[in-house]
Student: 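Quick one: the structure is below, and I'll ask about it shortly.
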Amino acid sequence: MTASIGRVVVLLGAPGAGKGTQAQILSERLGLAHVATGDLFRAAVRDETPLGLTAKGYMDRGELVPDAVTIEMLLERLAKPDAAAGILLDGFPRNTAQAEVLDKALADKGGRVDIAPYIEVPEADLVARLGGRWICRAGGHPYHEQTKRPLKAGVCDVDGSELYQRTDDQPATVQARLRQQLGALDEVVAYYRGHGVLQTVDGRRGIEQVTADLLAALAPLTGSKG
Ligand code: AP5
């Protein structure tokens, strides 16, 4: 970890709830480092590192990667200099064991989870969102066949890289991810509710409206009136 840590936001939501979409917008608006464990794992898989080789099988089956591996990777990421200004976590923690480790690591540096916004989306919507998703190879920017089309088919508006469909967005794997991961998400939501930092946002609304609702939920952190 860095010597100290700034503001810490934990963005919660089921697979496909819109965490990545919103995290990219919010991290830029709030000046926070966007730390997405799924992106870190996908980079490791692409680079065929030992971490990637370990993670790939779990990801392909829609299961969580074991805590020991995930937590070590996360703590290494938080030690990078950009984390000192504050972080927006996307995809971590995924269970209460990870949440407890995070709390301890932050406390060691005089920090804590300031706000945990939860993007709530019904399961039927999640299936449709994941089935129609395309993301870009360079930056992981997400698009959707119906709700967020790129200006040019198959090309990322932001960085011009190719769009592709994640292997874990195949229908059978989507079902497995939801089946395996929604229970643990409920426990993490309860954990942060118990710590008084949970803010639930209706994720069924359009992307821009969800951003506005998240910014309003984060207003105590930014000092803005929303
Ligand atoms: P990860 O990459 O974190 O995947 P995930 O949690 O399943 O989340 P997604 O990236 O699928 O969805 P999202 O919420 O970011 O939605 P998005 O914004 O793209 O993890 C992948 C795997 O890595 C895991 O399964 C696990 O194996 C492993 N892993 C990662 N972290 C781990 C951890 N901590 N511990 C253990 N294992 C871990 O949006 C989805 C689609 O909907 C897009 O097409 C988007 O355009 C569209 N959309 C977004 N918002 C809206 C809206 N408001 N209205 C309409 N459409 C919308």
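Start at 1 and go down the list; that is how both ligands and their atoms are numbered. It should be emphasised that the depicted structure is a prediction, and the values quoted were computed from it without experimental measurement. Worth knowing before you read on, the calculation uses all heavy atoms, side chains too, and leaves out hydrogens, waters and symmetry mates.
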Student: Would a single hydrophobic cluster contain both Leu64 and Val174, if residues Ile, Leu, Val, Met, Phe, Trp and Tyr are joined by side-chain heavy-atom contacts under 4.5 Å?
Tutor: no

Student: Looking only at protein heavy atoms, identify the closest one to atom 16 (O) of ligand 1 and say how far it is in Å.
Tutor: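 Minimum-distance protein heavy atom for atom 16 (O) of ligand 1 reads Gly18 N, 3.2 Å.
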
Student: Is there a side-chain contact between Val69 and Met73 in this structure, where contact means two heavy atoms from C-beta onward sitting under 4.5 Å apart?
Tutor: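 Counting from C-beta outward, Val69 and Met73 never come under 4.5 Å.
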
Student: Tell me the protein heavy atom at minimum distance from atom 56 (N) of ligand 1, and give that distance in Å.
Tutor: Thr147 OG1, 3.2 Å

Student: Looking at atom 53 (N) of ligand 1, what's its closest protein heavy atom, distance included?
Tutor: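 For this ligand atom, the closest protein heavy atom is Arg205 O, 2.8 Å.
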
Student: In the protein, which heavy atom is nearest to atom 37 (N) of ligand 1, and how far is it?
Tutor: Val65 N, 3.0 Å

Student: Any salt bridge between Asp39 and Arg42, counting N to O under 4.0 Å?
Tutor: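 Counted as a salt bridge, because a side-chain N and a carboxylate O are separated by less than 4.0 Å.
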
Student: Suppose we measure from atom 20 (O) of ligand 1 to each protein heavy atom; which comes out shortest, and what is that distance?
Tutor: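 Residue, atom and distance for the closest contact: Arg94 NH2, 3.6 Å.
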
Student: Can Arg149 be said to sit on top of Tyr143's aromatic six-ring, NZ or CZ under 6.0 Å from centre and within 45° of the ring axis?
Tutor: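 No cation-pi geometry.
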
Student: Could you tell me the residue and atom name of the protein heavy atom closest to atom 45 (C) of ligand 1, and the distance to it rounded to 0.1 Å?
Tutor: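 Residue, atom and distance for the closest contact: Thr21 OG1, 3.8 Å.
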
Student: With atoms numbered from 1 as shown, which atoms in ligand 1 lie under 4.0 angstrom from a non-hydrogen atom of Ala14?
Tutor: 14 (O)

Student: To the nearest 0.5 Å, how far apart are CG in Asp186 and OH in Tyr118?
Tutor: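 Nearest 0.5 Å value for the CG-OH distance: 6.0 Å.
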
Student: Is Gly13 near ligand 1, meaning one of its heavy atoms is under 4.0 Å from it?
Tutor: no

Student: For ligand 1, find out whether one of its N or O atoms is nearer than 3.5 Å to an N or O atom of Trp134.
Tutor: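 Such a contact does not occur with ligand 1.
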
Student: With a cut-off of 4.0 Å, which atoms of ligand 1 are near a heavy atom of Leu130?
Tutor: 11 (O)

Student: For ligand 1, which atoms, with element, lie under 4.0 Å from some heavy atom of Arg42?
Tutor: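 With Arg42 as reference, the close atoms of ligand 1 come out as 2 (O), 21 (C).
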
Student: Considering heavy atoms of the protein only, find what lies nearest to atom 38 (C) of ligand 1 and give residue, atom and distance to 0.1 Å.
Tutor: Phe41 CE1, 3.7 Å

Student: Short N/O distance, under 3.5 Å, between Lys19 and ligand 1?
Tutor: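 Checking ligand 1 against Lys19, an N or O pair does fall under 3.5 Å apart.
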
Student: For ligand 1, which is the ligand I care about here, please tell me if Gly62 has any N or O atom under 3.5 Å from one of the ligand's N or O atoms.
Tutor: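 No, since none of the N or O atoms of Gly62 sits under 3.5 Å from an N or O of ligand 1.
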
Student: So for ligand 1, is Gly132 a polar contact partner (N or O within less than 3.5 Å, distance only)?
Tutor: no

Student: Nearest protein heavy-atom contact for atom 31 (N) of ligand 1: which residue, which atom, what distance?
Tutor: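 Closest protein heavy atom to atom 31 (N) of ligand 1: Thr37 OG1, 2.8 Å.
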
Student: Does any N or O of ligand 1 fall below 3.5 Å from an N or O anywhere on Asp39, backbone included?
Tutor: no

Student: Using a 4.0 Å cutoff against the non-hydrogen atoms of Tyr143, which atoms of ligand 1 qualify?
Tutor: 43 (C), 44 (O), 46 (O)

Student: With side chains defined as the heavy atoms from C-beta onward, is the minimum distance between Leu198 and Leu12 less than 4.5 Å?
Tutor: yes

Student: Would you check if Trp134 and Asp169 make a side-chain contact, meaning some heavy-atom pair closer than 4.5 Å?
Tutor: no

Student: Can you tell me if CD on Gln165 sees more than 12 non-hydrogen neighbours from other groups inside 6.0 Å?
Tutor: yes

Student: Can you name the atoms of ligand 1, numbered from 1 with element, that are less than 4.0 Å from a heavy atom of Glu63?
Tutor: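 In order of numbering, the contacting atoms are 26 (C), 27 (O).
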
Student: Treating Ile, Leu, Val, Met, Phe, Trp and Tyr as nodes and any side-chain heavy-atom pair under 4.5 angstrom as an edge, say whether Val197 and Val101 lie in one connected cluster.
Tutor: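 Yes: a chain of side-chain contacts under 4.5 Å links Val197 to Val101.
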
Student: Which atoms of ligand 1 have any heavy atom of Arg166 under 4.0 Å away?
Tutor: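 Every atom of ligand 1 under 4.0 Å from some heavy atom of Arg166: 1 (P), 2 (O), 4 (O), 9 (P), 10 (O), 11 (O), 21 (C).
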
Student: Would you kindly specify which portion of Ile207 sits under 4.0 Å from ligand 1, judged on non-hydrogen atoms: side chain, backbone, both or neither?
Tutor: both

Student: Give yes or no for whether the N/O distance cutoff of 3.5 Å, strictly under, is met between Gln22 and ligand 1.
Tutor: no

Student: Report yes if Phe92 has an N/O atom closer than 3.5 Å to an N/O atom of ligand 1; otherwise report no.
Tutor: no

Student: Could you tell me, atom by atom, which parts of ligand 1 come under 4.0 Å of a heavy atom of Thr70?
Tutor: 33 (C), 34 (N), 35 (N), 36 (C)

Student: Please round to the nearest 0.5 Å and tell me the distance separating atom CD1 of Ile71 and atom CZ of Phe92.
Tutor: 5.0 Å

Student: Is Leu11 reachable from Ile207 through a run of hydrophobic residues whose side-chain heavy atoms are each under 4.5 Å from the next?
Tutor: no

Student: State, yes or no, whether a side-chain contact exists between Thr200 and Ile119 at a heavy-atom distance under 4.5 Å.
Tutor: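 Thr200 vs Ile119: side chains apart.
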
Student: I want to know if ligand 1 touches Gln181 in the polar sense, i.e. an N/O pair below 3.5 angstrom.
Tutor: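 N/O-N/O distance under 3.5 Å: yes.
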
Student: Could you tell me which atoms of ligand 1, counted from 1 in the order shown, lie closer than 4.0 angstrom to a heavy atom of Gly20?
Tutor: 13 (P), 15 (O), 18 (O)

Student: May I ask you to check if ligand 1 and Pro142 share an N or O to N or O distance below 3.5 Å?
Tutor: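 So ligand 1 has no N or O lying under 3.5 Å from an N or O of Pro142.
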
Student: Using side-chain heavy atoms (C-beta onward) and a distance below 4.5 Å, is Leu26 in contact with Leu218?
Tutor: yes

Student: Kindly identify the option in Gln165, Arg129, Gln146, Met59 whose heavy atom sits closest to atom 22 (C) of ligand 1.
Tutor: Met59

Student: Is Asp125 salt-bridged to Arg129, going by a charged N under 4.0 Å from an acidic O?
Tutor: no

Student: Minimum heavy-atom separation for Ala17 to Val121, with atom names?
Tutor: O-CG2, 3.8 Å

Student: Taking 4.0 angstrom as the limit, do Asp82 and Lys80 come out as a salt bridge?
Tutor: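 Not counted as a salt bridge, because no side-chain N and carboxylate O are separated by less than 4.0 Å.
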
